[in-house]
Visitor: 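Dropping the structure in here first, questions after.
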Amino acid sequence: MISTVLVANRGEIACRVFRTCRELGISTVAVYSDADADALHVREADAAVRLPGAAPSETYLRGDLVVKAALAAGADAVHPGYGFLSENAGFAREVIDAGLVWIGPPPEAIEAMASKTRAKELLGIAPLTEVTEVTEADLPVLVKAAAGGGGRGMRIVRELGDLAGARESAAAEAASAFGDGEVFVEPYVENGRHVEVQLLCDAHGTAWALGTRDCSLQRRHQKVVEEAPAPGLPAALEASLLDTAVRAAKAVGYVGAGTVEFLVADGRAHFLEMNTRLQVEHPVTEEVFGVDLVALQIAVAEGRALPPEPPAARGHAIEARLYAEDPAREWAPQTGVLHRFEPPRDARLRVDTGYVSGDTIGVHYDPMLAKVIVHAPTRAEAVRALARALERSRIHGPVTNRELLVASLRHPEFGSPETLDTGFYDRNLPALTGAVPGEEYAAVAAALARAAAGRGRFGGGWRNLRSQDETRTYGDHEVRYRPTRAGGYEVSVPEGIRVVSAAPDRVGLEVAGVVRHLDVAVYEDGVVHAGRHRLTVRPRFTDPREQTAPGSLLAPMPGTVVRVADGLAVGDAVVAGQPLLWLEAMKMEHRVVAPASGTLTALHAAPGRQVEVGALLAVVSDDATTEAAQEDQTV
């Protein structure tokens with residue numbers, strides 16, 4: 001029997017495994033990088049071991065250090081979580097050779113399915129096109145990492161001239177995320193559905209296919225919303241998916257939890273890969289089948305047999321991944337203090353997270369804050385409850401994708417399963433990332449909360465003679481107001497607002513006969529949260545020294561410059577949208593493009609340079625500006 005489990009991972013999945021271990025009476029050990037010294041998964045474990053030496057982005061890829069940590073802490077088993085070393089057969093062997101129990105599939109099964117090309121061959125699917133064999137007739141194609149998953153190391157190529165750069169970028173991202181830079185090319189199927197089957201197999205020949213999941217809502221090939229069961233699948237197609245998944249598992253002697261992924265298009269299923277680990281989205285399957293997949297992983301690792309048949313499915317579950325990112329700015333990851341994270345109290349709601357209020361979101365790892373899951377009798381009920389739970393959550397700090405998730409769940413396309421496909425955000429992103437209704441009223445609440453706090457400190461503020469309105473600007477919204485003799489406030493801009501109440505943390509406003517109260521929180525970093533709205537204070541006066549020259553290209557996030565466009569040099573002509581350089585942040589590459597057409601007059605980026613948000617990377621001057629500067633130099 002297993003007594004102590006070390007989780008070779010971090011964040012949400014480490015906390016998730018620890019939760020089950022506590023329920024089973026099993027002790028827990030965390031490992032951590034220097035960047036994670038105060039992370040929640042470290043605080044929740046019974047013991048923790050620092051992984052020395054490596055850079056934060058590489059620490060959890062050092063299998064030798066993880067095995068040493070397990071032995072030092074007295075663990076007798078290792079759970080790999082997902083990502084990092086979870087699908088590394090060499091690491092699995094290291095664990096087993098050290099006399100530890102590996103809570104995962106046999107190394108041989110991992111090896112057989114680790115390469116997506118070999119996995120397809122095992123199922124009798126024709127080999128894929130090699131990178132060097134692609135022609136115009138093959139386009140569009142997808143460059144894809146042979147190892148790993150999670151959308152990393154994937155690039156769509158629509159023009160042959162882009163293939164070499166896409167291959168280089170995908171390989172670099174895959175090597176950073178998985179320690180394996182091998183990539184291949186396959187035909188790109190436009191706008192199919194991403195459907196997968198959850199497997200659980202024991203060492204005694206029993207294989208459970210625990211239904212289907214739909215994971216079609218994706219950004220950058222990474223899942224955003226997942227649900228079980230996959231809605232609207234014809235019965236014959238669903239049966240075929242389950243059968244293929246079980247056949248894949250038995251072909252490699254699979255033991256443990258795993259997932260087989262398909263792309264469904266035009267009524268046909270195309271095998272994508274088998275993930276030889278627990279998936280991020282496993283909670284929706286757990287909720288539908290009433291099982292704990294981590295507990296079952298541990299039972300199987302201990303040699304216990306599964307019942308002949310899995311439990312019956314019930315109802316519908318849906319999960320949204322809450323990320324610290326800005327969907328309106330090409331999904332740029334965000335960093336900073338998570339001042340408050342408080343989901344609503346709801347018996348139907350499950351939240352799997354690696355953060356609590358007060359934690360800091362750093363630059364080194366995936367920006368997922370939490371998985372928010374709802375289980376209900378029907379799909380419509382689950383979708384509605386999840387949207388409302390996200391809407392009611394207090395999430396204060398960096399920009400998140402919360403509003404995008406709410407809008408996505410309420411979009412008519414998402415409400416109709418027959419229209420689900422992976423092109424959802426390609427079609428709908430601009431509309432989904434528009435201003436959230438009511439932002440101008442949130443700005444009023446923010447201004448009045450500040451005024452109420454000032455009254456408490458400095459007195460009333462009302463004068464016998466009428467004075468000018470106070471003016472505050474939050475984002476694009478200007479607010480003008482004045483205190484009244486009765487101790488309240490009058491708002492002149494925007495018009496049509498009556499102030500019902502105003503306190504430093506809560507403001508009531510009446511608009512068109514409807515009264516709404518907004519909770520307000522103000523933080524030292526200048527960010528104000530009023531209701532669901534995140535507002536930034538615009539200063540009354542701008543320091544000229546802080547102004548940036550037109551055409552300046554600033555770092556949209558903290559990260560490392562991984563490469564600059566081939567041959568790019570000062571003096572080159574560039575066009576708007578042309579890729580100039582690539583930043584790596586949170587294990588993903590982010591393309592930085594020219595903000596306008598013109599001449600590159602400065603280039604401060606170089607591979608390997610670490611930059612903070614707002615760092616000047618380059619300057620693109622329009623032709624008129626460049627000519628004027630040259631004339632000034634010749635005078």
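Values reported hereafter were calculated over all heavy atoms of this structure, with side chains retained and with hydrogens, waters and symmetry mates removed. Heads up: numbering here begins at 1 and tracks the sequence.
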Visitor: Do the numbers put R340 on top of the ring of Y355, so that NZ or CZ is under 6.0 Å from the six-membered ring centre and no more than 45° off the axis?
Guide: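 Negative - R340 is either too far from the ring of Y355 or too far off its axis.
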Visitor: Could E478 and R472 be called an ion pair, given the rule that one side-chain N must be under 4.0 Å from one carboxylate O?
Guide: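 A salt bridge is absent here (no side-chain N lies under 4.0 Å from a carboxylate O).
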Visitor: Rounded to the nearest 0.5 Å, what separation is found between the OG1 atom of T59 and the CG atom of D36?
Guide: 8.5 Å
Visitor: Just verifying a value: how many Å separate D519 CG and R506 CZ, rounded to the nearest 0.5 Å?
Guide: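 Between atom CG of D519 and atom CZ of R506 there are 4.5 Å.
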Visitor: Hey, is K371 close enough to E281 for a salt bridge, meaning N to O under 4.0 Å?
Guide: no
Visitor: Under 3.5 Å, is there a donor-acceptor pair linking the side chains of H316 and E227?
Guide: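 There is such a pair (donor and acceptor under 3.5 Å, judged by atom type) between the side chains of H316 and E227.
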Visitor: Looking at V520 and A446, what are the two nearest heavy atoms and their distance?
Guide: CG1-CA, 4.2 Å
Visitor: Are H282 and Y82 close enough, and set up right, to give a ring pair (Phe, Tyr, Trp, His ring centres under 6.0 Å), and what steps lead you there?
Guide: CA-CA 11 Å; H282 73 273; Y82 53 69; 7.7 Å; no
Visitor: Is it true that R388 and E391 have a side-chain N and a carboxylate O under 4.0 angstrom from each other?
Guide: yes
Visitor: Regarding D352 and R19, does a basic nitrogen lie under 4.0 Å from an acidic carboxylate oxygen?
Guide: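 A salt bridge is present here (some side-chain N lies under 4.0 Å from a carboxylate O).
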Visitor: Answer yes or no: are there more than 12 heavy-atom neighbours, outside R516 itself, under 6.0 Å from its atom CZ?
Guide: no
Visitor: Tell me, please, whether W582 has R563 positioned over its six-membered ring: NZ or CZ under 6.0 Å from the ring centre and within 45 degrees of its axis?
Guide: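 That pair qualifies as a cation-pi contact.
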Visitor: What's the spacing between R591 CZ and L580 CG if we round to 0.5 Å?
Guide: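 Here the interatomic distance stands at 10.0 Å.
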Visitor: Are T473 and V479 close enough that some pair of their side-chain heavy atoms sits under 4.5 Å apart?
Guide: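 They are not in contact (no side-chain heavy atoms under 4.5 Å apart), so the answer is no.
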Visitor: How about H533 and Y474: are their ring centroids closer than 6.0 Å?
Guide: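 Judged by ring-centre distance (under 6.0 Å), H533 and Y474 do not meet the cut-off.
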Visitor: Return yes if a side-chain donor-acceptor contact under 3.5 Å exists between H477 and E439, otherwise no.
Guide: yes
Visitor: Just checking E44: does its CD atom have more than 12 heavy atoms from other residues, nucleotides or ligands closer to it than 6.0 angstrom?
Guide: yes
Visitor: Taking all heavy atoms of P483 and all of Y489, pick out the closest pair and write down the distance.
Guide: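 Closest approach of P483 to Y489, heavy atoms only: CA-CD2, 3.9 Å.
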Visitor: How about D476: does its CG atom have over 12 heavy atoms from other parts shown lying under 6.0 Å from it?
Guide: no
Visitor: State whether Y323 and R219 meet the cation-pi test: NZ (Lys) or CZ (Arg) under 6.0 Å from the six-membered ring centroid, and within 45° of the perpendicular axis.
Guide: yes
Visitor: Which heavy-atom pair separates A452 from A502 by the least distance, and what is that distance?
Guide: CB-O, 3.8 Å
Visitor: Would you call R480 and E490 a salt bridge, taking side-chain N to carboxylate O under 4.0 Å as the test?
Guide: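 Salt bridge flag = no for E490 with R480.
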Visitor: Distance to the ring centre below 6.0 angstrom and angle to the axis at most 45 degrees; does that hold for R10 and Y365?
Guide: yes
Visitor: Do the side-chain N and O atoms of S492 and D469 include a donor-acceptor pair separated by under 3.5 angstrom?
Guide: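 Short answer, yes.
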Visitor: Can you list the steps and then say if F414 with V225 is a side chain to side chain contact (heavy atoms under 4.5 Å, CB included)?
Guide: CA-CA 10 Å; F414 188 76; V225 176; 4.0 Å; yes
Visitor: Atom CD of residue position E510 - does it have more than 12 heavy atoms of other residues, nucleotides or ligands inside 6.0 Å?
Guide: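 Yes, CD of E510 has more than 12 neighbouring heavy atoms, counting only those of other groups under 6.0 Å.
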Visitor: Inspect the contact between R22 and D46 and indicate whether a charged nitrogen and a carboxylate oxygen are less than 4.0 angstrom apart.
Guide: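 Salt bridge: no.
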Visitor: Would you say T599 and S621 are linked by a side-chain donor-acceptor pair, where the criterion is simply a distance under 3.5 Å?
Guide: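 Checked: S621/T599 side chains show no N/O donor-acceptor pair below 3.5 Å.
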Visitor: Measuring from E12:CD to T353:OG1, what's the distance to the nearest 0.5 Å?
Guide: 7.5 Å
Visitor: For the residue pair R220 and H590, confirm or rule out a side-chain donor-acceptor distance under 3.5 Å.
Guide: yes
Visitor: Between H41 and Y32, does the ring pair (Phe, Tyr, Trp, His ring centres under 6.0 Å) criterion hold? Intermediate values first, please.
Guide: CA-CA 9 Å; H41 77 277; Y32 63 93; 7.6 Å; no
Visitor: How many angstroms lie between atom OG of S393 and atom CG of L369, to the nearest 0.5 angstrom?
Guide: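 Output value for this atom pair is 11.0 Å.
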Visitor: To the nearest 0.5 angstrom, please state how far the CG atom of L617 sits from the OG atom of S552.
Guide: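 So the gap between those two atoms works out to 10.0 Å.
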Visitor: Check whether more than 12 heavy atoms from other residues, nucleotides or ligands sit under 6.0 Å from atom CZ of R609, and answer yes or no.
Guide: yes
Visitor: Do you know which two heavy atoms are closest between V7 and V31, and how far apart they sit?
Guide: O-CG2, 3.6 Å
Visitor: Closest approach of D346 and R348, non-hydrogen atoms and distance?
Guide: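 Where D346 meets R348 most closely, the heavy atoms are OD1-N, 2.9 Å.
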